[in-house]
Amino acid sequence: MGASITLIPGDGIGPSIVEATLQVLEVAGAELEYDRQLAGMAAVHDSADPLPPATLESVERTGLILKGPLTTPVGVGFRSINVALRKEFDLYAAVRPVVTLMPGGRYEDIDLVLIRENTEGLYVGVEHYIGMQGDPKAAAESVMIVTRFGARRIVRYAFDYAVSNGRRKVTFAHKANILKYTQGLFLDVGHEVAKEYEGLVDFEDMIIDATAMHLVLNPYRFDVLVMENMFGDILSDLMAGLVGGLGMAPSGNIGDRMAMFEPVHGSAPDIEGQNIANPTAQILAACMLLDHVGQGEVASRIRTAIRTCLRECDTLTRDLGGTASTDEYVRSLIGRLA
Ligand code: NAD
């Protein structure tokens, strides 16, 4: 058998879109061996631990995760297990390709990549309440942490990605006009690293709010975008919207030792159990994993089948304006692979 991976089906729509993905992988001839493990709510129900030791041990062994979305309780309860996994295994680069697979959307032929810093910024989880005048929650404080080390490695990752994938430009999105220390440091490092790639890849910096506007008005002016954690979280959903929504956007979380692949979207509790979720993002996440383990030929056959399926428009799921169930879409996809 080929690569051994840790498989985390996840919560909400996760188990159903992961099962759909496994069917597609099998028919396409992917050579993967799965070690199924729990995390998130499913693990809490099983063992009261959202990130059990058995899951961590499996990841230490395989170094590779294919993951469905995980639910994070809002306001109370455990912190995001997605964030915990990225931090635990130092998966510092989130790579989010945004590609048009279906014609007739707001734009045609979009081909962008967002690279998001995954371990620092406001998402480090350093926050607390401040009590005043008898109110224990009179104020709250969250700390944004940017290190020169973290900024340098993500910007360098973006440039290396651009060079090795034949990309023409890196746009560095930031808010250094307001957050002069944290974002200012990030921006300084951006310019410093950009010098090393002069003549190889173009570089520009742009304020994050202007970046959001330009992405909506004219996405073609961008190519590879790099930014800190929270800005990347927000803009990757915006960019998914340029190519048909969250059901179409995969993500790779890459570190020096490990890599984890998942959809950008969450566990979609509002449509859980209805057999209407779009599994495309999950399947495309598996394609990124296949590229990563040297099975790019299988990945490109799956991508071609998805493209054909979506272009012929006969079995679109509801988020794409169709009426097909998850099962009907997967059957039609498998029919194009067999
Ligand atoms: P969400 O992405 O789950 O859903 C947002 C909207 O998009 C919903 O209307 C949903 O029905 C729709 N949607 C999402 N994926 C879809 C798909 N594949 N097919 C069709 N429609 C789809 O975001 P949310 O509702 O804000 O979050 C739900 C839970 O997921 C929360 O607990 C959140 O913390 C978690 N979450 C997890 C991840 C992850 O595991 N990486 C990412 C984002 C959110």
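All of these numbers come straight from a predicted model, not from anything done at the bench. In each ligand, atom 1 is the first atom listed, and ligand 1 is the first ligand listed. Any value given below was found using the heavy atoms of this structure, including those in side chains, with hydrogens, waters and symmetry copies removed.
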What are the distances between nitrogen or oxygen atoms of ligand 1 and protein nitrogen or oxygen atoms, counting only those under 3.5 Å?
| from | atom 1 | to | atom 2 | distance (Å) |
| --- | --- | --- | --- | --- |
| ligand 1 | 2 (O) | G266 | N | 2.7 |
| ligand 1 | 3 (O) | G266 | N | 3.4 |
| ligand 1 | 3 (O) | G266 | O | 3.4 |
| ligand 1 | 3 (O) | S267 | N | 3.3 |
| ligand 1 | 3 (O) | A268 | N | 2.8 |
| ligand 1 | 9 (O) | D270 | OD2 | 2.9 |
| ligand 1 | 11 (O) | D270 | OD1 | 2.9 |
| ligand 1 | 11 (O) | D270 | OD2 | 3.0 |
| ligand 1 | 15 (N) | H265 | ND1 | 3.3 |
| ligand 1 | 18 (N) | H265 | NE2 | 3.2 |
| ligand 1 | 18 (N) | N278 | O | 2.9 |
| ligand 1 | 19 (N) | N278 | N | 2.9 |
| ligand 1 | 30 (O) | S267 | N | 3.0 |
| ligand 1 | 30 (O) | S267 | OG | 3.3 |
| ligand 1 | 32 (O) | T72 | N | 2.8 |
| ligand 1 | 32 (O) | T72 | O | 3.2 |
| ligand 1 | 40 (O) | K67 | NZ | 3.3 |
| ligand 1 | 40 (O) | L70 | N | 2.8 |
| ligand 1 | 40 (O) | N82 | OD1 | 3.0 |
| ligand 1 | 40 (O) | N82 | ND2 | 3.0 |
| ligand 1 | 41 (N) | E262 | OE1 | 3.2 |

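When each of L320, T280, D314 is paired with Y329, the side chain to side chain contact (heavy atoms under 4.5 Å, CB included) condition holds for T280 and for no other.
For the atom pair M227 CE and E117 CD, the distance stands at 12.0 Å (nearest 0.5 Å). Distance CG/D11 to OG1/T71: 4.0 Å, rounded to 0.5 Å.
Aromatic pair H191/F203: centroids less than 6.0 angstrom apart.
Judged purely by distance below 3.5 Å, without hydrogens or angles, the side chains of T147 and E120 pair a donor atom with an acceptor atom.
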Using residues 214-223 as the side-chain source, report each donor-acceptor pair under 3.5 Å to any protein atom, sequence neighbours left out, with the distance given to one decimal.
| from | atom 1 | to | atom 2 | distance (Å) |
| --- | --- | --- | --- | --- |
| N218 | OD1 | Y220 | N | 3.3 |
| Y220 | OH | E108 | N | 3.3 |
| Y220 | OH | E108 | O | 2.5 |
| R221 | NH2 | E204 | OE1 | 3.1 |
| D223 | OD1 | R167 | NH1 | 2.7 |
| D223 | OD2 | R168 | N | 2.6 |
| D223 | OD2 | K169 | N | 3.2 |

